[in-house]
Amino acid sequence: MQDTNEKHSGSSRDISSLPIGVFDSGVGGLTVAREIANKLPHESISYFGDTLRCPYGPRPLTEVRTFARQISAWLTEQRIKLLVIGCNSATAAGLETVQRELDVPVIGVIEPGARAAVKATAARRVGVIGTVATIDSGAYTKAIRSLDAGITVFSSATPRFVEMVEEGLRLDHNPFEDIMAQASAIYIRPAFQEIARDYLNPLKRCQIDTLVLGCTHFPLLTPLISSIIGSEIGIISSAEETARDVAETLARRGQAAPDNSNPIYRFATTASDLGEFSALGSMVFGRPIKDAQRVSIEQLEKALQDKEN
Ligand code: DGL
């Protein structure tokens, strides 16, 4: 990612050609990167997946906050014009801290998801599912109720859904296949349906009309979730709304990539198996991932130390 850096000296035209940084604990945030790439086809993206330390969900928020600060420091060292925290757990743990620390705008996935849910609910009864870190933080309830205090929010941690998504990706043997198009075939199977029923039936009984997928892994489970919870319940993934926020922020700052620019997608990860990261990531991103760069935890720690000094 270094070469992108050197080309830019800081004028607003130079800034507009810098990439958008996106990170997650692994490949889940590629559901967000994919929406950004679809909505903003001229924008370059530098994606970071912290696969070695995935999952973030069961970890204490203070630890996840440190990871978010390290990755943000590393990505800004490579030069980015805007950062998207493409992980709900990291958004819940570190959005405000990272916003205070960086010179570029930082967008999380919780506020956009909350906004989409508030727009969608007629009954004003919203369900939220996510990792333990996200649900225990209360960030969704706070974000939804700050927009409409009359909405009742029912939240539930569904940690096994993250494992299921990862397991399903490994079941698919065609590495460049688009997983979104195959999600019904891959995830609607008896063992997964049983877990989904246990998690979702209590929420269904709460008479929600809208369910927020509060984890960037979960859009892959949309067909499975919908088959259990019922097609009348609206399912919200924050990816689309987040991509809209990115577009608006860049337009407002006059930093959108020129219409004639070809996007460059770069990938970096802490994963020990770069081949597996690229194969699974390609399925989620919907485009082949080549030449992913390996970054060690020591490099991430150093990036944060350098930023602090
Ligand atoms: N993709 C992460 C999120 O949105 C969840 C996966 C994890 O637990 O690391 O919260």
Side-chain angles (χ1 to χ4, degrees), residues 21-36 47-72 83-95 98 106-114 116-117 127-141 143 155-170 179-180 183 187 195 199 211-222 225 235-243 245 267 269-271 277 280-281 283-285 297 300:
V22 183
F23 79 86
D24 176 50
S25 60
V27 295
L30 286 165
T31 57
V32 181
R34 178 186 175 125
E35 262 324 301
I36 296 171
Y47 184 85
F48 194 99
D50 194 6
T51 303
L52 195 66
R53 299 188 290 194
C54 186
Y56 282 2
R59 296 176 186 269
L61 289 175
T62 47
E63 187 180 27
V64 178
R65 186 174 307 130
T66 302
F67 295 171
R69 293 178 66 219
Q70 290 169 347
I71 298 166
S72 304
L83 177 68
V84 176
I85 303 186
C87 171
N88 289 266
S89 313
T91 299
L95 177 67
V98 174
V106 183
I107 293 175
V109 282
I110 292 181
E111 212 262 338
V128 181
I129 52 173
T131 64
V132 172
T134 300
I135 298 302
D136 283 3
S137 76
Y140 266 103
T141 308
S155 22
S156 179
T158 57
R160 293 192 68 190
F161 277 177
V162 177
E163 293 161 29
M164 271 168 51
V165 168
E166 303 267 337
E167 202 183 317
L169 287 170
R170 290 185 175 88
I179 194 92
M180 295 296 190
Y187 291 105
I195 297 167
Y199 279 145
L211 178 68
V212 180
L213 306 181
C215 172
T216 53
H217 276 66
F218 295 176
L220 277 67
L221 300 178
T222 302
I225 291 171
I235 294 182
I236 304 284
S237 135
S238 50
E240 239 176 84
E241 195 79 10
T242 303
D245 272 13
F267 301 88
T269 178
T270 51
F277 173 81
L280 302 188
M283 292 191 275
V284 181
F285 192 48
I297 305 298
L300 293 179

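Every number for a ligand or one of its atoms is a count from 1 in the order of the listing.
Proximity to D24 (heavy-atom distance under 4.0 Å) selects the following atoms of ligand 1: 1 (N), 2 (C). Less than 4.0 angstrom separates some heavy atom of Y56 from each of these atoms of ligand 1: 7 (C), 8 (O), 9 (O). Residue-ligand proximity, G57 to ligand 1, at heavy-atom distances under 4.0 Å covers atoms 7 (C), 8 (O), 9 (O). Set against the non-hydrogen atoms of N88, the atoms of ligand 1 under 4.0 Å away are 3 (C), 4 (O), 10 (O). Ligand-side atoms of ligand 1 in range of P55: 7 (C), 8 (O), 9 (O), range being under 4.0 angstrom from any heavy atom.
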Test F48 against T270 for side chain to side chain contact (heavy atoms under 4.5 Å, CB included), laying out the working first.
CA-CA 8 Å; F48 194 99; T270 51; 3.9 Å; yes
Check against side chain to side chain contact (heavy atoms under 4.5 Å, CB included), R170 and L280:
CA-CA 7 Å; R170 290 185 175 88; L280 302 188; 3.8 Å; yes
With side chain to side chain contact (heavy atoms under 4.5 Å, CB included) as the test, would you mind laying out the steps for D24 and L30 before giving the verdict?
CA-CA 8 Å; D24 176 50; L30 286 165; over 6 Å; no
What's the verdict on side chain to side chain contact (heavy atoms under 4.5 Å, CB included) for S72 and L83, showing C-alpha distance, side-chain angles and the deciding distance?
CA-CA 8 Å; S72 304; L83 177 68; 3.5 Å; yes
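A distance of 6.0 Å or more separates the ring centres of F285 and Y47.
Under 4.0 angstrom from ligand 1, the non-hydrogen atoms of T131 all belong to its side chain.
For the pair R53 and F67, the cation-pi test (distance below 6.0 Å, angle within 45°) is passed.
Using a 4.0 Å cutoff on heavy atoms, S25 counts as a contact of ligand 1.
The shortest contact between atom 5 (C) of ligand 1 and any protein heavy atom is with C215 SG, 3.3 Å. Nearest protein neighbour of atom 10 (O) of ligand 1, counting heavy atoms only, is S89 OG, 2.7 Å.
None of N88, D50, T134 except one satisfies the side chain to side chain donor-acceptor pair (under 3.5 Å) rule with Y56; the exception is D50.
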